[in-house]
Amino acid sequence: EAATTDRRVAERTAQLEEINEELDSFAFSVSHDLRAPIRAMQTFAEILLDDEMQTAAERNAYLVRIKTAAQGMDRLIQDLLAYSRVSRQEITLEPVRLDQVVRDAAQQLELTAGGKAYRLEIASDLPTVIGHPTVLVQVVLNLMTNGIKFVPKGVVPLLRIWTDEKQEYCRLYVEDNGIGIAPQYQERIFKIFERLHSMDSYPGTGVGLAIVRKAVHRLGGRIGLESKEGEGSRFWIELRRAE
Ligand code: ADP
């Protein structure tokens, strides 16, 4: 009995230490990621104010960089708010039709893709699962957004979406023909702020997959991926089927 209590205390202490570490690195990453665009805005604004000899084109270029930095900050804050929402919001589980979820996500993807070309293949007759409609749309949209983003230049992204049913569970797959993810990174990418590529090649906040994982866990589901570098990635989420 005493041994069990000791073990519980040790487990709890380890958990708290982990949460504490996460909080430290969270504070560090947020301040770092917000500071970079603020510095950029400061620098370019100072150049604009100090130097009166610039051409209109030069001034314009600095203004564009200020705007880009502000947009990056806004993106990060939006993503952090979405992360916090999915962590804190009350979620009542209910039967949700996956075909509706995927259709809604596809519609939003088209709006956010800004005219970028991609192909989308969605299996017919997707089942009904236990989940939450808006949370699931966000999950699928985030996976689809990554699927058309992490693709080599010149390759038209192809997204394939289908399900696989096993007894009381259903797996929804989102597969892309992108750059893929090496095995040693496949765990890490779900952590908040983890990004594998330079901002120049693939800009992002590193929050998207953390939102997805948190959301899937809050729905009582599981998430994973299969991927081969240079060939593509296949993310899956597993949820309970609705009878
Ligand atoms: P972001 O997209 O803002 O960079 P995410 O949390 O969505 O952040 O993803 C974390 C990292 O995982 C990405 O920066 C990228 O390196 C990798 N990643 C995510 N999805 C894919 C994908 N479909 N193909 C290849 N790499 C991916």
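In the hydrophobic clustering of ILVMFWY residues, with side-chain heavy atoms under 4.5 Å counting as a link, M41 and L34 come out together. Note on F28: it does not cluster hydrophobically with I77, by side-chain heavy-atom contacts below 4.5 Å among ILVMFWY residues. Residues I161 and V216 fall within the same hydrophobic cluster, defined by Ile, Leu, Val, Met, Phe, Trp and Tyr side chains chained together at heavy-atom separations under 4.5 Å. Y173 is not connected to L159 by any chain of hydrophobic side-chain contacts under 4.5 Å among Ile, Leu, Val, Met, Phe, Trp and Tyr, and they are in different clusters. Following chains of ILVMFWY side-chain contacts shorter than 4.5 Å, one cannot reach I181 starting from V155, and the two form parts of different hydrophobic clusters.
The line from CD of E22 to OG of S29 is 11.0 Å long, rounded to the nearest 0.5 Å. With rounding to the nearest 0.5 Å, the separation of NZ in K214 from CD1 in I223 is 13.0 Å. Y62 contributes atom OH, which lies 4.0 Å from atom CD1 of I47 (distance to the nearest 0.5 angstrom). Rounding to the nearest 0.5 angstrom, the gap separating the CG atom in L141 from the CD1 atom in I211 is 10.5 Å. Note that CE of M73 and CZ of R35 are 12.5 Å apart. Values are rounded to the nearest 0.5 Å. Between the CD atom in E110 and the CE atom in M144 there is a gap of 10.0 Å [rounded to 0.5 Å].
Salt bridge status for E226 with R234: present, with a side-chain N to carboxylate O gap under 4.0 Å.
Nearest heavy atom pair, residue R97 against residue T128, reads CG-OG1, 3.6 Å. Between L126 and I122, the closest heavy-atom pair is CD1-CG2, 4.2 Å. Contact detail for D51 and M53: the closest heavy-atom pair is OD1-N, 2.8 Å. Of all non-hydrogen atoms in Y169 and R240, the two that sit nearest each other are OH-NH2, 3.1 Å. Closest approach of Y118 and A106 over heavy atoms only: OH-O, 4.3 Å. Across every non-hydrogen atom of I66 and A45, the tightest pair is CD1-N, 3.8 Å.
By the neighbour-count criterion of 12 heavy atoms within 6.0 Å, atom CD of E21 is sparsely surrounded, having that number or fewer from other residues, nucleotides or ligands. With a 6.0 Å radius and a threshold of 12 heavy atoms from other residues, nucleotides or ligands, K191 has its NZ atom at or below the threshold. Annotation for Q15: atom CD counts as buried by contact number, over 12 foreign heavy atoms lying within 6.0 Å.
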From CA spacing to verdict: side-chain hydrogen bond (donor to acceptor under 3.5 Å, both in side chains), Q100, D104: CA-CA 6 Å; Q100 188 65 49; D104 287 357; 3.1 Å; yes
Trace of the side-chain hydrogen bond (donor to acceptor under 3.5 Å, both in side chains) decision for R39 with Q42: CA-CA 5 Å; R39 284 252 169 96; Q42 241 170 3; 5.1 Å; no
Stepwise side-chain contact (heavy atoms from CB on, under 4.5 Å) test for W162 and R160: CA-CA 7 Å; W162 76 97; R160 289 180 58 235; 4.1 Å; yes
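Looking at heavy atoms from C-beta onward, L63 lies out of side-chain contact with K67 at the 4.5 angstrom threshold. Between I189 and F235 there is a side-chain heavy-atom pair separated by less than 4.5 Å. Here the side chains of L219 and I91 are in contact, with some heavy-atom distance below 4.5 Å. Counting heavy atoms from C-beta on, the side chains of V137 and Q108 come closer than 4.5 Å. A heavy-atom distance below 4.5 Å is found between the side chains of F193 and V207. Two residues are said to be in side-chain contact when any heavy atoms from C-beta on lie closer than 4.5 Å; P157 and K116 meet this criterion. You'll find the side chain of V139 stays beyond 4.5 Å of the side chain of V101, heavy atoms only.
In the model, S198 has a side-chain atom that pairs as donor or acceptor with a side-chain atom of S201 under 3.5 Å. For the residue pair R75 / Q78, no side-chain donor-acceptor distance below 3.5 Å is found, with atom types taken as modelled.
Side-chain atoms of R241 come within 3.5 Å of backbone atoms of Q167 as a donor-acceptor pair (strictly under, hydrogens ignored). Distance alone, capped at 3.5 Å, places no donor-acceptor pair between the N142 side chain and the V212 backbone. Side chain of R119 to backbone of V156: no donor-acceptor contact under 3.5 angstrom is found. Between the side chain of E58 and the backbone N or O of T55 there is at least one donor-acceptor pair closer than 3.5 Å. Of the possible polar contacts, one joining the D176 side chain to the S233 backbone as a donor-acceptor pair under 3.5 Å is found. Side-chain N or O atoms of N146 include none that pairs as donor or acceptor with a backbone N or O of L209 at under 3.5 Å. Formation of a donor-acceptor pair under 3.5 Å by the K166 side chain with backbone atoms of R171 is not found in this model. A side-chain donor-acceptor contact under 3.5 Å links R59 to the backbone of Q54. Counting only distance, with no hydrogens or angles, the side chain of R195 and the backbone of G204 share a donor-acceptor pair below 3.5 Å.
When each of L239, L98, I237 is tested with T163 by the rule side-chain contact (heavy atoms from CB on, under 4.5 Å), just one qualifies, namely L98.
The side chain to side chain donor-acceptor pair (under 3.5 Å) analysis of residues 179-190, with sequence neighbours excluded, yields the pairs R188-E194.
Qualifying ring pair (Phe, Tyr, Trp, His ring centres under 6.0 Å) partners for F190, counting only residues two or more places apart in sequence or in other chains: none.
Taking the six-membered ring where tryptophan is involved, the planes of Y202 and H197 are perpendicular, since the angle between them exceeds 60° and thus also 30°.
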